[in-house]
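Everything on this sheet refers to the single structure shown next.
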Amino acid sequence: WKNLLRIARPSSAPARLGRRYIYILPTRYGLMYAVVLIGMLVGAINYTLSLGFVLTFLLAALGNVAMLHTWRNLANLTITTGRMEPVFVGEDARFELIATDHSGRPRYAIAAHIADQAPAYADIAAFGQTKLLLTQPAKRRGWQQAGKITFFTEFPLGLFHAWSYVELDCRCLVYPRPAMPGLAVPCASAEGSTGAPESAGGDDDFAGLRTYQFGDSSRRVDCKAPSREQGLMTKQFQGEARLSLWLDWRLTPGHNVEQRVSQLTRWVIDAHAANHNYGLRLPGVELPPANNDGHYHACLEALALLEIK
């Protein structure tokens, strides 16, 4: 039955929750409230109680005012998209939405959710904006669309449920699931030449810390960083020898495309953690050897979007 009410259409950001696209129905508490009012009205009529009529109509007026404020709490909100960080298959894709008020009134208990996922709640100041982070399980590599997003509220009394639908161009890049550790990173290129370590000066001196990345060696994790409220950090050293190598699709074991993609993902993570210079060769794509965060994410993106026909 919900499909019959979904007259909202996909739109490009920013999207505005106009009056045509906001729906409102009483909650179960609102229905109980109405039943109580009917009972009070019947009693007042039966016993001709003037104060009974006054109280009944006063509470009915309160319900009408609550319905108006519930609708106004959601009306004319502007929704835009924020930054979407890539995730791996098996993690939760995170979609950042920004709700903005242009009407000059604060909004309370605004909630949003995707499908059957847990909703995110936020309050929005007058002429202010608030970020809502929605999650959805990432089950396949590639681009994952958020789809239809539901915004709703039951403020102020919980007697009415107002909601609206938004469908923006909101997508998150999902990296392939890495294979289990065990198969060593290959040191031979596609032409059969073995990668050689690059010469580097120094005595492996400590060079600093960087934010922990998935796949970093546990031996380099700074155990004292969380106690300093720095989060999980990885130690970096200077003067380490780097091994140049190629990760080639043709030399990757696997019985199907997904197994080979998964194994290459594991090798990219391991090579980056080991501080090697590594390149990636895929059908129609070749990324030259390098070792930095940009190259790391470029390799994972190429694997996530790989299509073999």
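- Counting non-hydrogen atoms of neighbouring residues, nucleotides and ligands closer than 6.0 angstrom, the CZ atom of R260 exceeds 12 such neighbours.
- Shortest non-hydrogen contact noted between H69 and P156 is CB-CD, 4.0 Å.
- There is a side-chain donor-acceptor pair under 3.5 Å between Y175 and H297.
- Using a 30° and 60° split on the angle between ring planes, W163 and Y165 fall in the perpendicular class, above 60°.
- Classification of the H272-Y278 ring pair by plane angle, with boundaries at 30° and 60°, yields perpendicular.
- V261 is connected to L183 through a chain of hydrophobic side-chain contacts under 4.5 Å among Ile, Leu, Val, Met, Phe, Trp and Tyr, so both are in one cluster.
- Applying the 6.0 Å contact sphere to OH of Y29 captures no more than 12 heavy atoms from other residues, nucleotides or ligands.
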Intermediate values then yes/no, side-chain contact (heavy atoms from CB on, under 4.5 Å), R16 and Y21: CA-CA 9 Å; R16 183 170 174 267; Y21 305 119; over 6 Å; no
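- In the hydrophobic clustering of ILVMFWY residues, with side-chain heavy atoms under 4.5 Å counting as a link, I98 and I149 come out apart.
- Side-chain contact between P14 and I79: absent, with no pair of heavy atoms (C-beta onward) separated by less than 4.5 Å.
- Between R94 and E96, none of the side-chain N atoms (NZ, or NE/NH1/NH2) sits under 4.0 Å from a carboxylate O, so this pair counts as no salt bridge.
- Other residues, nucleotides and ligands contribute over 12 non-hydrogen atoms within 6.0 Å of the CD atom of E85.
- Here D101 does not pair with R105 in a salt bridge; the nearest charged N to carboxylate O distance is not below 4.0 Å.
- Between H113 and F152, the angle of the ring planes goes over 60°, which puts this pair in the perpendicular group of the 30/60° scheme.
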Derivation and outcome, side-chain contact (heavy atoms from CB on, under 4.5 Å), residues W267 and Q263: CA-CA 6 Å; W267 283 344; Q263 185 58 60; 3.0 Å; yes
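- Note: the hydrophobic cluster containing W143 also contains L303 (ILVMFWY, side chain heavy atoms under 4.5 Å, direct or indirect links).
- Cluster annotation: L55 is not connected to V42 through the hydrophobic network of ILVMFWY side chains, with a link wherever side-chain heavy atoms come within less than 4.5 Å.
- Side chain of E91 to backbone of F88: a donor-acceptor contact under 3.5 angstrom is found.
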